[in-house]
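Taking it in order: structure first as structure tokens, then the write-up.
This chain uses plain numbering: 1 for the first residue, then up along the sequence. Please read these numbers as outputs of a predicted model, since none were measured by experiment.
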Amino acid sequence: MSDQWSKAAKELADDEKKRALENFRKFASEPKAGIVRQILGEEGKPLTKKQQYVYENSIEPSLVEKCGGPGCKNFAVVGDTYCPACAIEYRQ
């Protein structure tokens, strides 16, 4: 994925990132699902270098998707239909 996807994912607020990770985990296969479980876990166990690479290059850019609003070019949290601006406009 391009840098714009990674940049948008890095700009997610903590609550949005948590929601995105939970949505991503529902459809992820191993080992990505395991990495997400570890990130969301309360143990605070750090990722290995290999896990961190997978997170930064595969999982993180997948935490956002293009907004479904007509003509909107913003990113939304994966699993959400609209970005925050369009969600207000379309009452979602």
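Here the side chains of Glu60 and Lys17 are in contact, with some heavy-atom distance below 4.5 Å. Taking the side chain as every heavy atom from C-beta outward, Val77 and Tyr82 never approach each other to under 4.5 Å. Between Glu16 and Pro84 the shortest side-chain heavy-atom distance falls below 4.5 Å.
The environment of Asp14 atom CG is sparse: at most 12 non-hydrogen atoms of other residues, nucleotides or ligands sit within 6.0 angstrom.
Atoms CD1 and CZ, on Ile59 and Phe24 in that order, are 5.0 Å from each other to the nearest 0.5 Å. Taken to the nearest 0.5 Å, the CG atom of Leu63 stands 6.5 Å off from the CG atom of Leu12. To the nearest 0.5 Å, atom NZ of residue Lys73 and atom SG of residue Cys67 are 12.0 Å apart. Lys66 NZ to Cys72 SG: the interatomic distance, rounded to the nearest 0.5 Å, is 8.5 Å.
Side chain of Asn23 to backbone of Val78: a donor-acceptor contact under 3.5 angstrom is found. In terms of modelled atom types and a separation under 3.5 Å, the side chain of Gln38 and the main chain of Ile35 share no donor-acceptor contact. A donor-acceptor pair under 3.5 Å links the side-chain atoms of Glu65 to the main chain of Gly79, judged by distance alone.
In this structure Arg19 satisfies the side-chain hydrogen bond (donor to acceptor under 3.5 Å, both in side chains) test together with Asp80, sequence neighbours excluded. By the ring-ring contact (aromatic ring centres under 6.0 Å, His included) test, Phe75 pairs with Trp5, sequence neighbours left out.
Val36 and Leu47 fall within the same hydrophobic cluster, where Ile, Leu, Val, Met, Phe, Trp and Tyr residues are linked whenever their side-chain heavy atoms come under 4.5 Å apart, directly or through other members. Follow the hydrophobic side-chain contacts under 4.5 Å out from Leu40 and you reach Tyr55 in the same cluster. One hydrophobic cluster, built from ILVMFWY side chains closer than 4.5 Å, cannot hold both Tyr53 and Ile39; they sit in different ones.
Taking a cutoff of 4.0 Å between a charged side-chain nitrogen and a carboxylate oxygen, Glu22 and Arg37 do not qualify as a salt bridge.
Between Ala76 and Cys83 the shortest heavy-atom distance is CB-N, 3.7 Å.
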